Amino acid sequence: MLNYGRVKKNLPQKSPRLSELQRLWRLVNTPLFPSCKFTTNQEGNTIPRAAWDLFRGFVAGTYITDNLCYIVIVCQQNMGEILCNSSTHKTKRRFYIQDEEIWKISGAARYAWLHEPIWKFDARVVVFEFVEFFTLGNYLFEQLYTHLKQCEISGVKLRKLGNTACLQSILQTLPAGENKSAQDYLCALSADLQAVQAEFTLDERIIW
């Protein structure tokens, strides 16, 4: 006779999809190393980073297409490489929506692909889009910082954009550069973005 108590004890405590998403949330919203909390000014002195420069991403808003909800997260620094390493892991690959041709790319072409600014995490009922900025991320984050509010999703404290209209106006002031594809993508979306509601939650049973 099966020991049901023992079997239940060994089952996962939560959805693996939710666990992976929570890990991504923490990466986006936390400096990667303690040393990231400090920077060097023009005089060569070590000083604390500004508040807007102490997080790696924020929730820009949400939109609905084809009856599926999309949540857009704007991130900076090396989040793309982190998401790439996560998405190519054999146990996590199914969580991401990517072009199948990706796995056939190698060498220089693959290196170029690593810097694709848009990553999509499939949580079944919700798709999370990570849009990455490099050179212009600092300016964008500094300008938007006063419009960001604290929220909590899936037990992780985040920052979200309270007024989505300001995103479009600030994007229009950014000069074109390495982030052009990310800029163009967000500009096209900004008119349809809605702020994520304060009571937004994820149902673990559906994600599972």
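Quick caveat: nothing in here was measured; it's all calculated off a predicted structure.
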query: What about Y145 and L54, same hydrophobic cluster or not, with Ile/Leu/Val/Met/Phe/Trp/Tyr joined at side-chain heavy-atom distances under 4.5 Å?
result: no

- prompt: Is any side-chain heavy atom of D53 closer than 4.5 Å to a side-chain heavy atom of Q76?
  reply: yes

statement: One should read off an interatomic distance between T62 OG1 and Q197 CD, to the nearest 0.5 angstrom, of 9.0 Å

query: If we only count heavy atoms from C-beta on, is the F133 to N138 side-chain gap below 4.5 Å?
result: no

message: Please determine whether residues I118 and L140 belong to a single hydrophobic cluster, defined as Ile, Leu, Val, Met, Phe, Trp and Tyr linked transitively by side-chain heavy-atom distances below 4.5 Å.
response: yes

- request: Working to the nearest 0.5 Å, report the span between CD of Q172 and CG of L167.
  value: 10.0 Å

- request: If the plane angle is over 60° it's perpendicular, under 30° parallel, otherwise tilted; pick one for F141 and F58.
  value: perpendicular

Given I73, L27, I71, the one that forms side-chain contact (heavy atoms from CB on, under 4.5 Å) with F130: I73

- request: Please report the closest heavy-atom contact between D122 and R124, naming both atoms and the distance.
  value: OD1-N, 2.8 Å

query: So do the side chains of L148 and L161 get within less than 4.5 Å of each other, counting heavy atoms only?
result: yes

task: Go through Y96 and K120 one step at a time and tell me if the side chain to side chain contact (heavy atoms under 4.5 Å, CB included) criterion holds.
output: CA-CA 6 Å; Y96 291 85; K120 298 183 181 182; over 6 Å; no

field: Smallest separation among heavy atoms of S154 and L18, with atom names
entry: OG-CD1, 3.4 Å

field: Backbone N/O of L193 and side chain of T164: donor-acceptor pair under 3.5 Å
entry: yes

field: Nearest heavy-atom neighbours spanning V28 and C75
entry: CG1-CB, 4.5 Å

query: How many angstroms lie between SG in C69 and CZ in F200, if you round to the nearest 0.5 Å?
result: 5.5 Å

- prompt: Hey, does T40 have a side-chain heavy atom less than 4.5 Å from the side chain of I47?
  reply: no

- request: Report yes or no: does E129 contribute a side-chain atom to a donor-acceptor pair with the main-chain N or O of Y70 at less than 3.5 Å?
  value: no

- request: Could you tell me the separation between the CZ atom of F121 and the CZ atom of F128, rounded to the nearest 0.5 Å?
  value: 7.5 Å

query: Between N29 (side chain) and W25 (backbone), is there a donor-acceptor pair under 3.5 Å?
result: yes

- prompt: Is NZ or CZ of R49 both nearer than 6.0 Å to the six-membered ring centre of F38 and within 45° of the ring axis?
  reply: no

- prompt: Would you call V131 and V72 a side-chain contact if the rule is heavy atoms closer than 4.5 Å?
  reply: yes

query: What distance do N163 atom CG and K149 atom NZ have between them, rounded to the nearest 0.5 Å?
result: 8.0 Å

field: Lys/Arg N to Asp/Glu carboxylate O, K157 vs E152, below 4.0 Å
entry: no

- prompt: What distance separates L21 CG from R26 CZ, expressed to the nearest 0.5 Å?
  reply: 10.0 Å

Partners passing side chain to side chain contact (heavy atoms under 4.5 Å, CB included) against N67 (at least two apart in sequence or in another chain): none

message: Checking the side chain of D66 only, and the main-chain atoms of L68 only, is there a donor and an acceptor separated by less than 3.5 Å?
response: no

task: Could you tell me which non-hydrogen atom of C166 sits nearest to which non-hydrogen atom of S169, and how far apart they are?
output: O-OG, 2.8 Å

- prompt: Which atom names give the shortest non-hydrogen contact between G162 and A195, and what distance separates them?
  reply: O-CB, 3.9 Å

task: Answer yes or no: is there a donor N or O on one side and an acceptor on the other, between the side chain of K160 and the main chain of G61, under 3.5 Å?
output: no

query: Are any of the side-chain nitrogens in E20 or R17 under 4.0 Å away from the carboxylate oxygens of its partner?
result: no

- request: Determine whether more than 12 heavy atoms belonging to other residues, nucleotides or ligands lie under 6.0 Å from atom CD of E43.
  value: yes

